[in-house]
Structures are given as C-alpha cells and as structure tokens.
Amino acid sequence: MAKSDTLHLQSYDLATQDISTVDLNALHALSISVGWPHRQVDWQFLRSVGQGLVALDEIGRVFSSSMWFSHGEDCATIGMVITSPRVQTHGGGRWMMERMLDECGDRRVIVNSTRAGYALYISLGFEFQAVVQQMQGTVRAAAALAALGTEGVEEITPAELPALLALDRAAFGSDRTNLVSRLAPLSRIVGLRRDGVLQGYAMRRAFGRGQVIGPIVAQSEEDAIALAAPLLADLEGRFARVDTRQPEGRLRSFLLASGLAVFDTVRTLTRGAPLPKVEPGRPGIYGLAAQPLS
Ligand SMILES: CC(C)(COP(=O)(O)OP(=O)(O)OC[C@H]1O[C@@H](n2cnc3c(N)ncnc32)[C@H](O)[C@@H]1OP(=O)(O)O)[C@@H](O)C(=O)NCCC(=O)NCCS
C-alpha cells in the first residue's frame, strides 16, 4: 500500500490554570512567540497587579494566556491575551476572553487591541474609542533638553502619593491605587505643581527593551511635554517608549524629535462605558501605564 504524503499531528487537549501557578519561563516563551518585548520581570510585575489564566496541555506546555486588572470597584483592563501561533484560529482566544469577561463582572472594561484581536473583541460587545500610538526608539536627548525647565516640574516623593492618586483618578475615571502604588517604587516620578497644587505627573521605569514613560497624566500637551522632558533628558542613546492616544500635535512632534517614532498602533476599545475624554484644562491620560494596563 502506498504511504500517505500527509500526517495529522495537531491534537491538543488544553486545561486552564491560574496564571500565578506557572513558570515565568513559559510565559516569557509565549510572549516571545508573538513578538512581544516583555521580560520575565515584566510578566512578574503584571502578575503582581492582576490575575489571569493560562491554558496548558497535558505535559504542561503553555499555549495561551489572558489577564485582567482591577481598577477600583468599577473598572477593569484586559490584556496579555495570547494564543500560541501553533494553535491560533481554533477558538482558544474567544474561550479565554469569555472567561476574563465573566471575572470582570459588570465593571467597565478597557482593552488595547492589536489587529489580530480586533474582530474578536468587537464580537464580544467592545466599541472603538481611540488609536494608541506606540512610539519608541533610541533617545536623542537634544529635544528633551530644550524642553526642560518648566517651572514647577520636580521629583515626586512617596509622601505625595495621595495627591498623585487623586489626580490619576480624575484622569482615568476610576481608582488605580493598586496599580499606581505598585508602579511607584519601580519608577522615577516627576510632578508638575502650580500654586502648590499637583497638576500632572509622569513615571518612568524599566520595561521590555529599555525604559517606558507612563503613565503621563497632565492637563495639556504642553504640560505632558514638560513632564516627559526630564525623564527623556538623561536617556541619550538608550531605548525608550511612550504609548499615547494623543492625535498628531505638539506632544507627538516632541516625542518624534526626541527619537521616538511610531512603531505600531493598537486600538482602545471599551465595553460598558466610553473612555474619559482628554481635554485641555482638566486631568487626562497623555501616556499609558502599559498597553494591558491602559
Ligand atoms: C488575538 C489572538 C489572541 C486570537 O487568538 P485565537 O485563539 O486565534 O482566537 P480564536 O480562534 O478564538 O478566534 C477569535 C476570532 O477572531 C478571528 N480571528 C482569529 N485570528 C484571526 C486573524 N488572524 N485575522 C482575522 N480574524 C481572526 C476568528 O475568526 C474568530 O472569530 P469567530 O470566533 O467568530 O470564528 C491571537 O491571534 C494572538 O495571540 N495574536 C497575537 C497576540 C495578540 O495580538 N493578542 C491580542 C492582544 S489585544
């Protein structure tokens, strides 16, 4: 009898498990398989501020992940939704997302969607809100140095965290105490004060290939630039990233001049309530904490 030219090998029975139980190596390998820059410590941080599931086969290989992050009682962000390329388009992504949405309950949910995830999220009731520009590159400090020196921009001390959290809440629309207070010890933080009142803040920390600047909470693009400038000024020749929903304008021109070009875009979708508007004169999100954290 002639031998067949085809061999059917794909047969996986996957079971879910809490994401906190698996080896960071396995999560790292999963995010590398879809070209994401997360290091093991980045996964470790995300696990410390959120919760989620992985799907494993019977010999413990991780084939997919998904996480959600609670921001107060009324908001959640979903992220780190990954299906290994080996088993994509077989329903695993939808299966994981439905479980995440069950866990989020009746919170408003925000997700920053890649092209690959978009149809899935729309089919689950999410609505388009804004485009996020992922701007990154090797820092040219000249632009940042030229933008330095705005009166009232200074380093923030831990004692000022309550004021910072109040400002963040006004910008984000929900209480991010858990996230922001865990980012704080890992970050360099600057604030912008006028008449003794905190008007904006920005954080910078190690992430992926270099440093990420975010969140940036400000009341105008000019203030966002004043906050980002000192965090970029000492990074000459190093890799930095800012994720922003600001349309083309002064902030994006400043980031471009500082060496951060648009590397990719994702789309912010929400379920349950729209994203708070960013308008001059009131606190708004000018830079994301991270894509899964919004
Ligand atoms: C997005 C992702 C998680 C989807 O995982 P998956 O296991 O392939 O998803 P599913 O098989 O459940 O498919 C979900 C829906 O998306 C659609 N879909 C899946 N892959 C698609 C693709 N490459 N292009 C267009 N649509 C696609 C399917 O048609 C499916 O719709 P249906 O249930 O009505 O048939 C996966 O592609 C992935 O890990 N991509 C890389 C990482 C990423 O971008 N994650 C999303 C972060 S927001």
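Read the numbers this way: they start at 1 and go in the same order the structure lists the ligands and their atoms.
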Taking salt bridge (Lys or Arg N to Asp or Glu O under 4.0 Å) as the definition, give me every residue that meets it alongside Arg282, ordered by chain and number, with sequence neighbours left out. none

Run the salt bridge (Lys or Arg N to Asp or Glu O under 4.0 Å) test against Asp74 and tell me which residues pass, sequence neighbours left out. none

Plane angle bin for Tyr121 and Phe126 - parallel if under 30°, tilted between 30 and 60°, otherwise perpendicular: perpendicular

Give the ring-plane orientation class for His71 versus Phe69, where under 30° counts as parallel, over 60° as perpendicular and anything between as tilted. parallel

Cut-off 3.5 Å, no hydrogens considered: what does the side-chain donor-acceptor table look like for residues 225-238, sequence neighbours left out?
{"residue": "Asp234", "atom": "OD1", "partner": "Arg204", "partner atom": "NH1", "Å": "2.7"}
{"residue": "Asp234", "atom": "OD2", "partner": "Arg188", "partner atom": "NH1", "Å": "3.3"}
{"residue": "Glu236", "atom": "OE1", "partner": "Ala141", "partner atom": "N", "Å": "2.8"}

Could you verify whether a donor N or O on one side chain and an acceptor N or O on the other, from Tyr286 and Asp223, lie under 3.5 Å apart? no

Under 4.0 Å from ligand 1, residues with heavy atoms, in chain and number order, are Val34, Trp36, Val81, Ile82, Thr83, Gln88, Thr89, His90, Gly91, Gly92, Gly93, Arg94, Asn112, Ser113, Thr114, Ala116, Gly117, Leu120, Tyr121

